[in-house]
**Student:** 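This is the structure I have questions about; it appears just below.
Labels below follow one simple rule: chain letters A, B, ... track the order of the sequence lines, proteins then strands, and each chain is numbered from 1.
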There are 2 protein chains.
Amino acid sequence: MPNITLKKIAEILGISVATASKALKDYADISDETKQKVKSLAEELDYKPNSFAQSLRNRESKIIGLIAPQIVHHFFANIIKGVIDAAEEQGYLVITLQSGESYETEKKQLQLLLDKNVDGILISLSDKTINYDHVADIIKKGVPVVLYDKISKLLDCSKVIIDDRKAAYDATKFLIDTGCKRVAHIRGPLKPQTTIDRFLGYKSALKDNNIEYNESLVFETKDLTYDDGYGIAEGIFKSDEDIDGIFAFTDLLATGAMVRLTELGMKVPDDISIIGFSNWFLTKITSPPLSTVDQPGYEMGVKAFKLLYREIQEKKKDVNSPKEIIKIPTKVIPRNSTRPML
Amino acid sequence: MPNITLKKIAEILGISVATASKALKDYADISDETKQKVKSLAEELDYKPNSFAQSLRNRESKIIGLIAPQIVHHFFANIIKGVIDAAEEQGYLVITLQSGESYETEKKQLQLLLDKNVDGILISLSDKTINYDHVADIIKKGVPVVLYDKISKLLDCSKVIIDDRKAAYDATKFLIDTGCKRVAHIRGPLKPQTTIDRFLGYKSALKDNNIEYNESLVFETKDLTYDDGYGIAEGIFKSDEDIDGIFAFTDLLATGAMVRLTELGMKVPDDISIIGFSNWFLTKITSPPLSTVDQPGYEMGVKAFKLLYREIQEKKKDVNSPKEIIKIPTKVIPRNSTRPML
DNA sequence: GTATTTACCGAAAACGTTTTCGGTGATTTA
DNA sequence: TAAATCACCGAAAACGTTTTCGGTAAATAC
């Protein structure tokens, strides 16, 4: 079945393709009568403009690209959902790709999106990415790019991030406020900025509460897995430091640690309080339910798209407003792995 | 910066656009010398063919559409990942959309994808979808469509599904084999086929093991939420039926029920054994860890794409092989919410 | 030495849309 | 009545690619 085109409509009506096109777009130099005829015939034949032709002519695809390190991940899935919803509202569709935390695939996928002529790109850097030229290059080329969550300060573009430092500060302070004296920190892998920021937030909360920072209370992880948290708990249990609180880099680490410490006979939260990070679904159903920091992924996705959308519009009009960095506020969610506030 | 096109390459080299195009595609009627010149200049200038022009000319977008009821969902996220990976391998990109279990948006999004001229569509029906014309129409139009997970028998197209009936049979049999005498079933909402199939699997496992089916051992849910499972547990606890095993429609329901039953003083698995369905991540960290049925989402996504890919290829060649229905095998994952096998 | 094949290239149409730039005839204005 | 305005429409170029169909020169065949 041959597709129905403007040409066909024009032929049937005995007018030119140009007139048909303009009629559908309500150009002023087309009579109301012709407009009506074209519109109703288009309706009747269920005419759909060919998007390739439109894109070719208008130089825009109405598609954006989205790269996430992982898709099967509560936080990122929420972001993706937010992006898709916000995009759809503006008539944009989203091509999603995942780097799998690999620099090479991240680079390759960026190119795939560019090859498809997406109107803009939303990207969260992989943990392994230490060279940013692949992103810098496309920014330089004028492609609208917005970074979200895993960002780099070296990249000159708009960004949406969690205020990790403040969030970590709040979490740590919450432990202190609920009676913890010696708070440990299970930190993430060294590289990403989030690790550093949460660590700094932890440190400054200690400082502000007159607790001396003690390096041996900081435990490092590489994998961010449940098993990792589970393993690290051994060290915390055996430590001589009288640890009575843990601020973990993620809920998963916290959960792993909590399970192991419980197995080892410690009571949570009385012997040791634990707070995670992200408010993933699982935190509601651990025993005890895990206190955590809510990291609003959906909102982040929406904001990221809106930033990108603005840039896309501005590019069309050839204006250039300054880059923006949005910090999404977080909130401590107290549950039963920490003691109640006094 | 103006994009670099075939025309530009041709001009620089003093040849025609046609020759340039053919050189890049290794046409036999172009001399090796010209091919080399064109290729190296293209390389040097970083020439990227304009995808709109290609799509317009070739009538294919190398993009497929994917509609899922939910994105923030372990099972679907895995499927999406599988689809994206498999697609990328064949040079396809994926536009993902979520219906949010709404028939109206499902319908609308199908249209959005069609308007973008995707080469094919992968769709999992929303729970609320009871009219299938919107899908049937595009199948009739010749658009390659493959249904996955939430399917309808009324739709004539290829499908990829979990063998729900067998999976439920296995899960129920597993409870019986580990000593349960009176196995309850928390079933899903009435409509979707999965609910029915799992229920039938449950029933026939009972029958094959000479246990009489008892309607009052079947509990219905609407929401599939943790809270739903939690609430239903009340009824199970208060029941006079001496229930000693539960096969729940999903892990979440199972977890909710398990938590509530534990609160009510029952010991899992000794007083009551529980098995869930899906092997979501959370099952590893409940206490006790939840026995479940593994539902391989990733594999399902891969298979679904491959089916779709085949149809797309066949459509190009104008051949028409019969529709295929793939059933993905599942596996019982024994953990500690059920008793050990004797 | 003519006829035929071979090797290589290009003109042009096509995909379907959008928009510019005139160009009609009809109506107003001076 | 001539000149200016108006309302309406269409031809054609453009977006960048692909492919068909010749066409020309050189190489081979007879």
**Student:** At under 4.0 Å, does any side-chain N or O of B/Q54 touch on OP1 or OP2 of D/dG16?
**Tutor:** no

**Student:** Between D/dC8, C/dT17, D/dG16, which nucleotide gets closest to the side-chain atoms of A/S31?
**Tutor:** D/dC8

**Student:** Measuring to OP1 and OP2 of C/dT18, would you say a side-chain N or O of A/S21 lies under 4.0 angstrom away?
**Tutor:** yes

**Student:** With no hydrogens and no angle check, just 3.5 Å: does a side-chain donor-acceptor pair link A/T129 and A/E106?
**Tutor:**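 Short answer, yes.
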
**Student:** Walk me through it: do A/S16 and A/T19 pass the test side-chain hydrogen bond (donor to acceptor under 3.5 Å, both in side chains)?
**Tutor:** CA-CA 5 Å; A/S16 75; A/T19 306; 2.9 Å; yes

**Student:** For A/L6 and C/dT17, give me the distance from atom CG to atom C1', rounded to whole Å.
**Tutor:**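 For the pair A/L6 CG and C/dT17 C1', the rounded distance is 7 Å.
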
**Student:** Indicate whether OP1 or OP2 belonging to C/dG16 is found under 4.0 Å from a side-chain N or O atom of B/R59.
**Tutor:** yes

**Student:** Quick one: do the A/E299 and A/N78 side chains pair a donor with an acceptor below 3.5 Å?
**Tutor:** no

**Student:** Which part of the nucleic acid, if any, lies within reach of A/Y27 when heavy atoms closer than 4.0 Å are counted: base, sugar-phosphate only, or nothing?
**Tutor:**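 Contact class for A/Y27: sugar-phosphate only.
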
**Student:** Less than 4.0 angstrom between a side-chain N/O of A/Y47 and OP1 or OP2 of C/dT17, yes or no?
**Tutor:**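 It does, given that an N or O in the side chain of A/Y47 lies less than 4.0 Å from OP1 or OP2 of C/dT17.
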
**Student:** What does A/K25 touch in the nucleic acid at a heavy-atom separation under 4.0 angstrom: a base, only the sugar-phosphate, or nothing?
**Tutor:** sugar-phosphate

**Student:** Picking from D/dT17, D/dG10, D/dT18, which would you name as closest to the side chain of B/N50?
**Tutor:** D/dT17

**Student:** State which of C/dG16, D/dC9, D/dT17 makes the closest approach to the side chain of A/T19.
**Tutor:** D/dC9

**Student:** Given atom NZ of A/K116 and atom C1' of D/dT17, what is their separation to the nearest angstrom?
**Tutor:**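 Rounded to the whole Å, the gap is 14 Å.
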
**Student:** Would you tell me whether B/Q109 and A/E88 have side-chain atoms, one donor and one acceptor, within less than 3.5 Å of each other?
**Tutor:**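 Present: a donor and an acceptor within the cut-off.
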
**Student:** Does A/R57 contact C/dT18 through a side-chain donor or acceptor facing the base, at a distance under 3.5 Å?
**Tutor:**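 Looking at the base of C/dT18, it does pair with a donor or acceptor on the side chain of A/R57 (distance under 3.5 Å).
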
**Student:** Whole angstrom is fine here: how far is it from CD in B/E60 over to P in D/dT19?
**Tutor:** 10 Å

**Student:** So, A/S158 and A/E311: side-chain donor and acceptor under 3.5 Å apart, yes or no?
**Tutor:** yes

**Student:** Taking atom C1' of D/dC8 as reference, at what distance in whole Å does atom CG of A/D26 sit?
**Tutor:**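 Spelled out: CG on A/D26 to C1' on D/dC8 is 15 Å.
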
**Student:** Quickly work out the A/N117 CG to D/dT17 C1' distance and round it to whole Å.
**Tutor:**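 Value for this atom pair: 13 Å.
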
**Student:** I want to check something: taking the side chain as every heavy atom from C-beta on, are B/K116 and B/S61 in contact at a cut-off of under 4.5 Å?
**Tutor:** no

**Student:** Given atom CG of A/N3 and atom P of C/dC15, what is their separation to the nearest angstrom?
**Tutor:** 12 Å

**Student:** So what does A/D29 touch, heavy atoms closer than 4.0 Å: a base, only the sugar-phosphate, or nothing?
**Tutor:** base

**Student:** At 4.0 Å (heavy atoms only), tell me whether A/T5 reaches a base, stays on the sugar-phosphate, or touches nothing.
**Tutor:**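 If one applies the 4.0 Å heavy-atom cut-off, A/T5 turns out to touch the sugar-phosphate alone, with no base involved.
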
**Student:** So which nucleotide from D/dC9, D/dT18, D/dT19 ends up closest to the side chain of A/T34?
**Tutor:** D/dC9

**Student:** Considering only C/dG10, D/dG10, C/dT17, which nucleotide approaches the side chain of B/I15 most closely?
**Tutor:** C/dG10

**Student:** Measure distances between side-chain N and O atoms of A/K8 and base N and O atoms of C/dG16, and say whether any donor-acceptor pair falls under 3.5 Å.
**Tutor:**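 Flag unset: no donor-acceptor pair detected.
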
**Student:** Starting from P on D/dC8, measure out to NZ on A/K37 and report it in whole angstrom.
**Tutor:** 13 Å

**Student:** Which nucleotide wins on minimum distance to the side chain of B/L56, given the candidates D/dC15, C/dA12, C/dG16?
**Tutor:**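 In terms of side-chain proximity for B/L56, the closest of D/dC15, C/dA12, C/dG16 is C/dG16.
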
**Student:** How many whole angstroms separate atom NZ of A/K7 from atom P of D/dA11?
**Tutor:**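 Rounded to whole Å, this separation is 13 Å.
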
**Student:** Heavy-atom nearest nucleotide on DNA chain C for B/I30 versus B/A53: which residue maps closer to 5'?
**Tutor:**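 Whichever sits nearer the 5' end wins; that is B/I30.
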
**Student:** Counting any heavy atom closer than 4.0 Å, what does A/S55 reach on the DNA or RNA strands: base, sugar-phosphate only, or nothing?
**Tutor:** nothing

**Student:** Taking side chain as C-beta onward, heavy atoms only, is A/K327 less than 4.5 Å from A/I162?
**Tutor:** no

**Student:** Check every atom of C/dG16, D/dG16, D/dT19 against the side chain of B/K22 and return the nucleotide holding the closest atom.
**Tutor:** D/dT19

